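The structure appears right after this line, and notes come after that.
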Amino acid sequence: MVPTSSTPNVKTIAERLTDVRIRIENAAANAGRDASEIGLIAVSKKQPTAALEAALTAGQCDFGENYLQEALPKTEALTATAQTVSPIWHFIGDIQSNKTADIAAHFDWVHTLDRAKIAHRLSEQRPSNALPLEVCIQVNIDQEASKSGVSPDQCAELATIVANLPGLRLRGLMTLPEPRDDFAAQRVPFAELARLRNELNGAGHILDVLSMGMSADLEAAVAEGATHLRIGSAVFGSRPE
Ligand SMILES: *Cc1c(COP(=O)(O)O)cnc(C)c1O
């Protein structure tokens with residue numbers, strides 16, 4: 001009989017995090033970039049609190065959540081267990097008006113802002129003792145009917161509104177492109193988002209963030225200048241349904 005291990009081929013979250021960090025370092029080296037300027041947000045939607053705690057213990061501080069109801073107990077639990085490092089919370093899901101107060105109170109970043117009304121509410125509801133909420137505008141780069149985000153030609157107008165709201169700090173742009181198989185094709189929408197950011201900076205904004213790249217396309221995103229990767233399954237394994 002061949003001896004079997006109790007957990008055959010199952011990697012721990014710490015091991016997966018190491019693998020992802022190595023992918024980022026290799027991608028940065030290939031792009032002639034410094035890996036330290038590329039942030040990793042562990043996307044923990046549908047993952048139990050224990051999985052986030054394992055990631056935090058392995059040194060992962062930034063977490064991305066899509067669903068407010070699911071996220072709130074996790075933010076509470078992790079803030080309580082965090083010792084030397086505090087978790088940083090990124091909201092990356094669709095935002096309904098009735099959720100803005102909780103998002104403004106419990107998150108550090110919002111990556112999915114796509115309407116003026118939500119921007120005004122988040123700014124007004126940001127607690128006065130907190131720093132402004134860090135914000136990215138979500139751009140529907142492939143102009144898909146099913147997806148949230150402003151179209152590229154509406155981006156400048158929303159950027160100006162957000163930049164003038166006291167409770168928000170406009171940091172950059174975010175996108176979730178249509179999946180593409182090969183590296184060259186994956187780069188196209190990311191290059192487009194980077195071009196849009198440069199255009200806004202040329203018009204007087206100071207946007208330093210490009211939130212783009214997931215488990216399947218992080219190398220292409222890094223090649224096009226991503227500063228924040230949002231990685232779920234490569235860190236936590238496949239998501240429970
Ligand atoms: C789920 C999700 C991710 C992570 O996707 P993976 O393919 O699991 O890495 C990133 N960004 C957003 C907005 C998501 O909803």
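Just so you know, these numbers come straight off a predicted model, no measurement behind them. In listed order, ligands and their atoms are each counted from 1.
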(Q) Does the plane of the ring in Trp109 sit parallel, tilted or perpendicular to the ring in His228? Use 30° and 60° as the thresholds. (A) tilted

Protein N/O near ligand 1 N/O, under 3.5 Å, which pairs?
unit_1	atom_1	unit_2	atom_2	d
ligand 1	8 (O)	Ser233	N	2.8
ligand 1	8 (O)	Ser233	OG	3.2
ligand 1	8 (O)	Arg239	NH1	2.8
ligand 1	8 (O)	Arg239	NH2	3.3
ligand 1	9 (O)	Ser215	N	3.0
ligand 1	9 (O)	Ser215	OG	2.5
ligand 1	9 (O)	Gly232	N	2.8
ligand 1	11 (N)	Arg230	NE	2.9
ligand 1	11 (N)	Arg230	NH2	3.4
ligand 1	15 (O)	Lys45	NZ	2.6
ligand 1	15 (O)	Asn66	ND2	2.7

Q: Keeping the roles fixed (side chain from Ser123, backbone from Gly167), state whether a donor-acceptor pair exists under 3.5 Å.
A: yes

**Q.** Side-chain H-bond candidate by donor/acceptor type, Gln125 with Thr100, under 3.5 Å
**A.** yes

Q.
Taking Phe63 as the starting point, is it possible to reach Ile38 by hopping between hydrophobic residues whose side chains are less than 4.5 Å apart?
A. yes

**Q.** Cluster link Val135 to Leu176, ILVMFWY, side chain under 4.5 Å
**A.** no

Q. When you measure from the side chain of Asn140 to the backbone N and O of Lys147, does any donor-acceptor pair fall under 3.5 Å?
A. yes

